[in-house]
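Throughout, protein chains are lettered first and strands after them, A, B, ... in sequence-line order, and every chain is numbered starting at 1. Just the heavy atoms: all of them, side chains too, but no hydrogens, waters or symmetry mates, feed the values below.
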Amino acid sequence: MLFPMVMSKFLWGAILFKMSEEIRVRFAPSPTGYLHVGGARTALFNWLWARKTGGKFVLRIEDTDEARSTVESVNGMLHDLKWLGLDWDEGPEYGEGIDPYKQQKGDKGPYFQSQRLEIYQKIAHELMDKGIAYPCFCTDEELEEKRKKAEEEHRSVHYDGTCRNLTKEEAQKRIDAGEPYTIRVRVPQKDYVLEDEVRGRVEWKAGTLGDFIILRSSGMPVYNFCVVVDDALMGITHVVRAEEHLTNTHRQLILYEALGMKPPRFSHASLILGPDKSKLSKRHGATSVGQYAEEGFLPEAMINFLALLGWNEGNDREIYSVKELIDCFELSHISKSPGVFDKDKLMWMNGQHLRAMPVDELIPLVAPLLKKAMPDDKRLDDPVILHKLVELIQVKMTLLTDAPEVAKTFFEASEPENDEARAIIETEKSKKLFEALAVEFEKCDWVREGYNASIKAASKIAEVKGKDLYMPIRVKITGSCHGPELVGILDVLGREETIARLRK
RNA sequence: GCCCCCAUCGUCUAGCGGCCUAGGACACAGCCCUUUCAAGGCUGCGACAUGGGUUCGAAUCCCAUUGGGGGCGCCA
């Protein structure tokens, strides 16, 4: 008995291999003007899956709610996605002077729902012609009434099917008379089963859902309908999205069946929560990716953090590069329980990525911030000094935006920061030390060995050592009791500046 | 009200019946390193929601309860 089983396994493998089509995933945000971290994580999971499998990542804009949709709001979204490094293979183009509505890439477009209205309308009417859907003439008021009544009688608030059994002729007559109507699908009386990649088997019993609208009386399609039509037409093979859509899947399975299409594989990740465990929203602070970019977070840290919030490889690993994530990512390892967005951990992670970064890569990120904080400082234009400076402050930064503050503590000459600092440099011994050191510095080689020797020599002359030696020098030169290592500071400042500060 | 999902330290999580007196990370505290502050290293603090089963054995499987979340729209 073992042999046939093994055989069939091989056979299945072969068939699956042959049948396996290109994997196509999508991210379908509404154009709200910015990318929410929850959306970013959804986009990331999709993107990782596409990149891991060599598939395609499609970007589709769900803008049937036209009011919010403008070039600016779309670009805001695309900008954030680009910043994260989540590039898409199909969808609107992004860039200076590009109109995302007009310039799109991919052959399954258009990728704006607002540009696909005829498609939805045509399909909705086809379904109606086939009797899979039907026109409903119930008015808003009537429906509201029914809902109320159902609630009072403790029945479920489904549509009662008033227009379900209208004859074709009767319906046509009312349509011809110009009566407004919506199109509803006839929901089959049967159970539906979803085999979710992360949640496993999810079942809906027959009768838990009433006939629902797919096309409004205005001719505008409804979300669940658009999604299914688009996903089907765009050849989406895997839908990865947040848990809030889990119950929508029931309707969507019905619609796939109505269209005679095979549904994609679904993966429902859970929600991202705020510190109070309610769904992450603006009142919890920064929720848009753009805000984190401005605060000085690195895209690779953001990616790493978001990936680990709701996904893990099954081990203790915390730090991943983007490439490593692509290699390790599996849909089945997405976690089922919701997670709190922990900014402290994000900060830590940012520090990890920041410190792991080669100085040459860090310089272009930090230089503009330094330049902005110290616009008149010519030294920043010197690549050698800039390199030394960034190298020195790298270990002291958590965020990119920490750079100016850390640099300023020693890069710019300043008065003692407080009385404690002032007291340190105003002792007689300290004053003696500074002069001795200035003299030594004038004649030494300006390399680490040189000024280390000078400090030693001055130490003997002024009869101070240890903390009484280094702290006064630090305070005299920088004005602060804290900062990067002293010899590094000397490296950056150079001989002239250092001596000038000692003698000031 | 009905439907669906979820449940391990404060937080993110490992765990998929014996390796668990439950491991790692963030945060917190202490120590070490160090001319300072960081960074780094070490140590500590700290959790299987509750109640029933199943089993020789349960964080792990099943059922209830409780708690959280989502949905039930001519919103997306």
Side-chain angles (χ1 to χ4, degrees), chain A residues 28-30 32 62-65 68 113 136 138-140 143-144 147 150-159 180-184 194 196 198-200 202-205 207-210 212-224 226-227 242-251 268 270-271 273 275 277-279 305 308-319 335-349 351-352 354-355 393-398 402 406 409 455 465-475 478 480-487:
Chain A
S30 323
T32 48
E62 309 217 323
D63 61 343
T64 35
D65 183 9
R68 282 190 291 186
Q113 288 189 333
C136 171
C138 297
T139 63
D140 244 343
L143 291 171
E144 191 50 45
R147 243 190 302 270
E151 236 165 80
E152 277 164 20
E153 292 169 12
H154 294 293
R155 289 181 288 110
S156 27
V157 290
H158 307 145
Y159 177 61
Y181 65 98
T182 59
I183 299 182
R184 307 186 96 106
L194 164 67
D196 195 273
V198 340
R199 273 153 218 280
V202 179
E203 274 184 351
W204 291 276
K205 292 278 176 230
T208 49
L209 195 61
F212 56 92
I213 290 171
I214 56 175
L215 204 72
R216 292 180 254 240
S217 52
S218 63
M220 290 295 283
V222 153
Y223 168 75
N224 279 301
C226 299
V227 170
E243 193 192 338
E244 52 199 333
H245 293 290
L246 187 58
T247 39
N248 281 329
T249 313
H250 185 191
R251 290 155 190 259
H268 286 96
S270 46
L271 263 22
L273 273 24
K277 298 222 173 197
S278 71
K279 187 174 166 175
F305 176 74
L308 249 43
L309 183 56
W311 171 85
N312 68 80
E313 202 187 334
N315 56 27
D316 291 340
R317 192 158 173 201
E318 301 276 349
I319 301 297
S335 62
K336 295 191 271 200
S337 45
V340 173
F341 189 94
D342 182 1
K343 195 169 173 182
D344 282 338
K345 189 147 184 178
L346 209 209
M347 298 260 264
W348 168 78
M349 206 164 256
Q352 295 295 311
L354 204 63
R355 259 163 255 125
I393 63 176
Q394 181 175 25
V395 74
K396 314 244 342 155
M397 296 163 55
T398 299
D402 291 337
V406 177
T409 58
I455 291 170
K465 56 183 181 179
K467 211 167 176 175
D468 294 332
L469 167 64
Y470 286 96
M471 194 47 87
I473 299 174
R474 168 181 297 282
V475 174
T478 71
S480 173
C481 297
H482 308 302
E485 54 161 356
L486 190 58
V487 289

Which atom names give the shortest non-hydrogen contact between [X] and [Y], and what distance separates them?
| X | Y | result |
| --- | --- | --- |
| A:Lys467 | A:Pro472 | O-CD, 3.5 Å |
| A:Ser335 | A:Ser270 | O-OG, 3.5 Å |
| A:Glu318 | A:Lys345 | OE1-NZ, 3.3 Å |
| A:Leu354 | A:Gln394 | O-NE2, 2.8 Å |
| A:Ile473 | A:Leu486 | CG2-CD2, 3.7 Å |
| A:Leu271 | A:Ala242 | CD1-CB, 4.0 Å |

Between A:Arg355 (side chain) and A:Thr398 (backbone), is there a donor-acceptor pair under 3.5 Å?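 No: the side chain of A:Arg355 does not pair with the backbone of A:Thr398.
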Over how many whole Å does the gap from [X] atom [atom1] to [N] atom [atom2] extend?
| X | N | atom1 | atom2 | value |
| --- | --- | --- | --- | --- |
| A:Lys467 | B:U36 | NZ | C1' | 7 Å |
| A:Ile473 | B:U35 | CD1 | P | 13 Å |
| A:His250 | B:C5 | NE2 | P | 12 Å |
| A:Arg317 | B:C26 | CZ | P | 16 Å |
| A:Met397 | B:A39 | CE | C1' | 13 Å |
| A:Arg474 | B:U35 | CZ | C1' | 7 Å |
| A:Asp316 | B:U13 | CG | C1' | 9 Å |
| A:Glu318 | B:U11 | CD | C1' | 12 Å |

Taking the [atom1] atom in each of [N] and [M], what is the distance between them to the nearest angstrom?
| N | M | atom1 | answer |
| --- | --- | --- | --- |
| B:U54 | B:C61 | C1' | 8 Å |
| B:A14 | B:C6 | P | 14 Å |
| B:G23 | B:U65 | P | 33 Å |
| B:C62 | B:G69 | C1' | 24 Å |
| B:G46 | B:G40 | P | 25 Å |
| B:A49 | B:G67 | C1' | 8 Å |
| B:U11 | B:U60 | C1' | 23 Å |
| B:C48 | B:G10 | P | 9 Å |

Could you go through the side-chain contact (heavy atoms from CB on, under 4.5 Å) check for A:Ile214 and A:Val222 one step at a time? CA-CA 5 Å; A:Ile214 56 175; A:Val222 153; 5.6 Å; no
Among A:Thr249, A:Asn248, A:Thr247, which residue satisfies the side chain to side chain donor-acceptor pair (under 3.5 Å) criterion with A:His268?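 So, applying the side chain to side chain donor-acceptor pair (under 3.5 Å) to A:His268 and each of A:Thr249, A:Asn248, A:Thr247, only A:Thr249 qualifies.
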Nearest-nucleotide pick for [X], side chain only, options being [options]:
| X | options | value |
| --- | --- | --- |
| A:Val202 | B:G40, B:A76, B:C4 | B:C4 |
| A:Glu485 | B:C74, B:U36, B:A76 | B:U36 |
| A:Val395 | B:A38, B:U13, B:A76 | B:A38 |
| A:His482 | B:A25, B:U36, B:U13 | B:U36 |

Can you check nucleotides 27-33 of chain B for protein contacts, nitrogen or oxygen pairs under 3.5 Å, and list what you find?
none

For [X], which contact category applies under a 4.0 Å heavy-atom criterion: base, sugar-phosphate, or nothing?
| X | result |
| --- | --- |
| A:Pro275 | nothing |
| A:Gly314 | sugar-phosphate |
| A:Gly210 | nothing |
| A:Glu313 | nothing |

Nearest-nucleotide wise, let me know which of A:Glu203 and A:Leu309 is further upstream toward the 5' end of RNA chain B.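 Its nucleotide being nearer the 5' end, the pick is A:Glu203.
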If you assign A:Trp204 and A:Asn315 each to the RNA chain B nucleotide with the nearest heavy atom, which residue ends up on the more 5' nucleotide?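 Mapping each residue to its closest nucleotide by heavy atoms, the 5'-most match is A:Trp204.
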Taking only side-chain N and O atoms of A:Ser335, does any of them lie within less than 4.0 angstrom of OP1 or OP2 on B:U13?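 Checking B:U13 against A:Ser335, a side-chain N or O does come within under 4.0 Å of OP1 or OP2.
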Compare side-chain N and O positions of A:Ser270 against OP1 and OP2 of B:C6 and report whether any pair is under 4.0 Å apart.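 Result: no.
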Is there a Watson-Crick or G-U wobble partner for [N] with both distances under 3.5 Å, and which nucleotide is it?
| N | answer |
| --- | --- |
| B:A25 | B:U11 |
| B:C2 | B:G71 |
| B:U55 | none |
| B:A47 | none |

Dump every N/O contact between nucleotides 63-73 of chain B and the protein below 3.5 Å, one line per pair.
from  : atom 1 : to       : atom 2 : distance (Å)
B:G70 : O2'    : A:Glu244 : O      : 3.4
B:G71 : O4'    : A:Thr247 : OG1    : 3.3
B:G71 : O2'    : A:Thr247 : OG1    : 3.2

For A:Glu243 and A:Lys279, run salt bridge (charged side-chain N to carboxylate O under 4.0 Å, His left out): C-alpha distance rounded to whole Å, both residues' side-chain angles, the deciding distance at 0.1 Å, then the answer. CA-CA 12 Å; A:Glu243 193 192 338; A:Lys279 187 174 166 175; over 6 Å; no
May I ask you to decide if the ring planes of A:His250 and A:Trp204 are parallel, tilted or perpendicular, using 30° and 60° as cut-offs?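 Plane angle under 30°, so parallel.
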Which residues pass the ring-ring contact (aromatic ring centres under 6.0 Å, His included) test with A:Tyr223, sequence neighbours left out?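 A:Tyr223 satisfies ring-ring contact (aromatic ring centres under 6.0 Å, His included) with A:His245 once adjacent residues are dropped.
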